[in-house]
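Quick caveat: nothing in here was measured; it's all calculated off a predicted structure. Letters A, B, ... mirror the listed sequences (proteins, then strands); counts begin at 1.
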Amino acid sequence: MLSRPSWFNITSLVVGFSFLYLPIVILIVFSFNDAQLATVWSGFSTRWYGGMLQNEQLMQAVWITLRIGLTSATLATVLGTLAALVLARQGRFFGRSLFSGMIYAPLVMPEVILGLSLVLLFVAMDQNQGFWTIMIAHTTFSMCYVTVIVQSRLSEFDRSLEEAAMDLGCPPVRTFFHITLPQILPGILAGWMLAFTLSLNDLVIASFNAGPETTTLPMRIYGQVKLGGTPEINAISTILILLMTVGVILASVLTKRQRLKRMEEERLAAAHL
Amino acid sequence: MKKPLGPVRRAFSPWDNPSEQPFIEFCNVTKRFGRVVAVDDLSLKIYEREFHALLGGSGCGKTTLIRMLAGFEVPSEGQIYLQGQDLSGVPPYKRPMNMMFQSYALFPHMSVTKNIAFGLEMDGLPSREIKDRVYDMLALVRLEGFAKRRPHQLTDGQRQRVALARSLAKRPKVLLLDEPLAALEKKLREETQLELINLQEQLKITFLIVTHDQEEAMTVADRISLMHMGKIMQNATPGEIYEQPNSRFVAEFLGDINVLDGQISKKQDDEVQLYSSVLGDHLDVHYPTPAEVGDHAALAIRPEKMRISLDKPEQTDINAIRGEVWDIAYMGDVSIYHVKVAETETLRAIVANTTRLVQRPITWEDQVWLSWDSDAGVILLA
Ligand SMILES: Nc1ncnc2c1ncn2[C@@H]1O[C@H](COP(=O)(O)OP(=O)(O)O)[C@@H](O)[C@H]1O
Ligand SMILES: [Mg+2]
């Protein structure tokens with residue numbers, strides 16, 4: 001039943017969403033601004049999208065960001081999944097609560113402190129700052145998000161499935177790949193996506209750990225804005241927003257369709273068809 | 001047994017033969033979870049091709065016992081043998097037995113075929129043979145048309161049969177079933193019990209079933225082990241365990257029973273007389289018992305072995321006591337009469353409703369006689 005929305009509800013909705021999306025809408029609008037100055041509207045144009053592709057520094061930043069995102073997300077997913085398995089499976093072991101507390105700590109630790117401590121570590125290890133240091137730093141802080149997601153998926157997982165597999169002659173390692181992994185895969189993929197997004201978004205930790213040759217996209221955008229932003233920045237930000245939106249919509253449509261299909265099939269099965 | 005079974009059950013009693021080697025043997029097995037003793041110094045022998053039921057209330061250790069046999073739990077003490085071989089240290093994936101889980105534990109991301117083939121693929125059988133075996137299994141559980149479905153596309157009953165097919169596909173030496181029918185509705189459950197019996201006759205493998213449903217245990221099993229707090233209270237055939245319970249616990253667990261406390265007042269061989277102070281009467285019992293005159297004991301009689309009449313029975317070699325009808329429970333096939341025989345004692349008698357009577361010949365507050373033969377009751381010492 002749809003009830004007529006009250007004026008109060010409509011107003012709070014409009015205010016809330018404006019608060020959230022007005023800045024983004026302005027960003028998108030100004031990416032089509034013909035003027036060099038970001039604050040004055042002087043007619044519609046797509047020239048900054050072309051200009052963006054010509055801007056070598058910007059494209060290099062995109063490339064570095066993607067490489068860091070892909071590698072750190074993958075590494076974080078592997079490590080985070082292993083940590084989740086230990087925490088969910090090992091039952092009680094000596095230092096379990098300490099261990100799980102330590103896994104979750106980066107969730108609440110200020111980024112500045114995390115960035116600083118990693119710098120100190122890399123300096124102490126005499127590492128040149130650059131691609132690898134950012135990549136490792138991103139892995140460190142995004143791994144705990146993967147752990148949280150995979151662990152929640154594991155807690156729903158019916159362990160008798162693993163026992164059934166072993167009962168049928170499947171050794172433990174094979175059981176993991178044949179039974180456990182397919183069941184927790186959605187959680188692992190979601191964890192990877194989150195780790196990738198976190199890496200794309202990060203400015204603070206990357207700034208601490210970047211070398212002279214490695215500038216990530218957020219760092220580049222921030223730097224350009226400091227110098228007086230060009231509309232190219234608006235253009236590339238708009239594209240990022242577009243990609244994210246498409247990704248989120250696609251994911252939710254797919255899961256919804258799958259759920260509906262499953263419900264329908266269960267209904268049919270119950271009706272003895 | 002409620003329904004005819006096709007072939008009559010074979011005469012089968014290897015446990016009576018002292019030279020027969022047990023197929024599975026639990027030797028003084030104890031399992032502790034922290035302070036909880038789930039299985040307590042338990043010994044049990046199960047013979048080849050036996051259909052054995054572990055019966056007991058929730059939490060008495062049935063699942064723990066069967067999980068130790070499958071290898072999912074390690075005994076705290078004691079040994080388990082299969083065909084004389086100690087199973088300790090053998091991991092679950094190397095034990096020649098398969099388990100059907102209470103939750104069925106079907107692999108949700110695999111089709112029915114894949115589920116059934118899983119164990120065979122683990123054994124590395126040629127794909128031709130796997131295909132044949134899966135087909136045989138599907139035919140056995142009558143699911144030929146469902147091969148390509150996923151578990152969530154099946155009804156409860158179909159899932160149960162897939163789980164059964166999967167656990168039988170490897171032709172295990174022992175099939176373990178943990179409350180296999182608990183999720184099914186009553187009618188389907190009764191049908192499936194009969195199917196299990198037929199399957200076991202057909203496949204000639206040893207079945208060990210866990211259940212909390214005494215009717216189920218009585219229907220399917222050759223022998224029943226009645227468990228309580230991690231121990232086996234009695235291990236006997238359904239007939240023996242029902243007719244000759246060895247303790248008050250067993251007697252009261254299986255069906256309804258009248259228990260009268262008393263003291264042995266006379267004894268000559270198997271002819272015993274028990275004095276019941278509540279009734280103020282001596283009762284005759286024909287039952288072998290080690291009790292001696294003066295010992296405290298109880299007489300237990302099943303309600304269906306009690307007769308109820310308005311007049312005093314004419315026979316003199318039976319027990320007969322007076323009482324008043326206190327309550328009548330009409331159950332359709334039978335009526336249960338609650339008869340007050342003393343201020344603090346009510347006994348129950350079951351009468352089959354053989355005719356369709358609207359008016360009962362015996363009704364509330366009637367003065368009646370309860371009578372039973374001297375060999376109808378049993379003497380209980382514990
Ligand atoms: N993994 C476990 N950890 C701790 N206690 C357990 C575990 N498994 C079973 N128990 C305890 O052991 C006792 C017997 O359990 P179980 O064998 O499952 O009983 P049943 O199957 O007869 O209902 C119960 O008290 C139960 O709480
Ligand atoms: Mg159980």
Query raised in the report: What pair of heavy atoms forms the shortest contact from B/F107 to A/L161, and how long is it?
Result: CE2-O, 3.3 Å
Query - Neighbour count >12 (heavy atoms, 6.0 Å) for atom CZ, A/R89 - result: yes
Report task. Below 4.5 Å from any heavy atom of chain A, which atoms of B/M100 appear? Answer side chain, backbone, both or neither. Result -> neither
Report summary line: Quick note, side-chain hydrogen bond (donor to acceptor under 3.5 Å, both in side chains) partners involving residues 59-88 of chain A, not counting sequence neighbours, are A/T74-A/W192
Query raised in the report: Under a 4.5 Å heavy-atom cut-off, does chain B meet the side chain of A/Q183, its backbone, both or neither?
Result: side chain
**Report entry** Greater than 12 external heavy atoms within 6.0 Å of B/E144's CD
**Finding:** yes
Query raised in the report: Are there more than 12 heavy atoms of other residues, nucleotides or ligands under 6.0 Å from atom NZ of B/K31?
Result: yes
Query raised in the report: Heavy-atom distance under 4.5 Å to chain A: side chain of B/L120, backbone, both or neither?
Result: neither
Query raised in the report: Roughly how far, to the nearest 0.5 Å, is CD of A/E265 from CG of B/L154?
Result: 10.5 Å
**Report entry** Residues B/R67, A/E163: salt bridge by 4.0 Å N-O rule
**Finding:** yes
Requested in this report: Verify side chain to side chain contact (heavy atoms under 4.5 Å, CB included) between A/L168 and B/E121, making sure each step is shown before the conclusion.
Outcome: CA-CA 9 Å; A/L168 290 163; B/E121 278 165 6; over 6 Å; no
**Report entry** Residue B/Y135 excluded, over 12 heavy atoms near OH under 6.0 Å
**Finding:** no
Query raised in the report: Which region of B/K94, side chain (C-beta onward) or backbone (N, CA, C, O), has a non-hydrogen atom less than 4.5 Å from a non-hydrogen atom of chain A, or is it both or neither?
Result: neither
**Report entry** Least distance between heavy atoms, A/A164 atom then B/R166 atom
**Finding:** CB-NH2, 3.5 Å
Requested in this report: Count the heavy atoms of every other residue, nucleotide or ligand shown that sit under 6.0 Å from CE of A/M193, and state whether that count exceeds 12.
Outcome: no
Query raised in the report: Under a 4.5 Å heavy-atom cut-off, does chain B meet the side chain of A/P182, its backbone, both or neither?
Result: side chain
Query raised in the report: Are there more than 12 heavy atoms of other residues, nucleotides or ligands under 6.0 Å from atom CD of A/Q258?
Result: no
Report summary line: Applying a strict 4.5 Å limit to non-hydrogen atoms, the region of A/R262 in contact with chain B is both
**Report entry** Side-chain heavy atoms of B/F101 within contact of A/D158, under 4.5 Å
**Finding:** no
Requested in this report: Flag yes if more than 12 heavy atoms outside A/M263 fall under 6.0 Å of its CE atom; otherwise flag no.
Outcome: no
Query raised in the report: Looking at side-chain heavy atoms only, is the closest gap between B/M122 and A/R174 below 4.5 Å?
Result: yes
Report summary line: Minimal heavy-atom distance between A/P172 and B/Y93, with the atoms involved, is CD-CE2, 3.4 Å
Report task. Mind checking the NZ-NE2 spacing from A/K261 to B/H152? Nearest 0.5 Å is all I need. Result -> 7.0 Å
**Report entry** Leading residue by heavy atom contact count with chain A [cutoff under 4.5 Å; candidates B/A70, B/S103, B/P108, B/G71]
**Finding:** B/P108
Report summary line: Of all heavy-atom pairs linking B/H109 and A/H178, the shortest is NE2-O, 3.0 Å
**Report entry** A/D167, part contacting chain B, at a heavy-atom distance under 4.5 Å
**Finding:** both
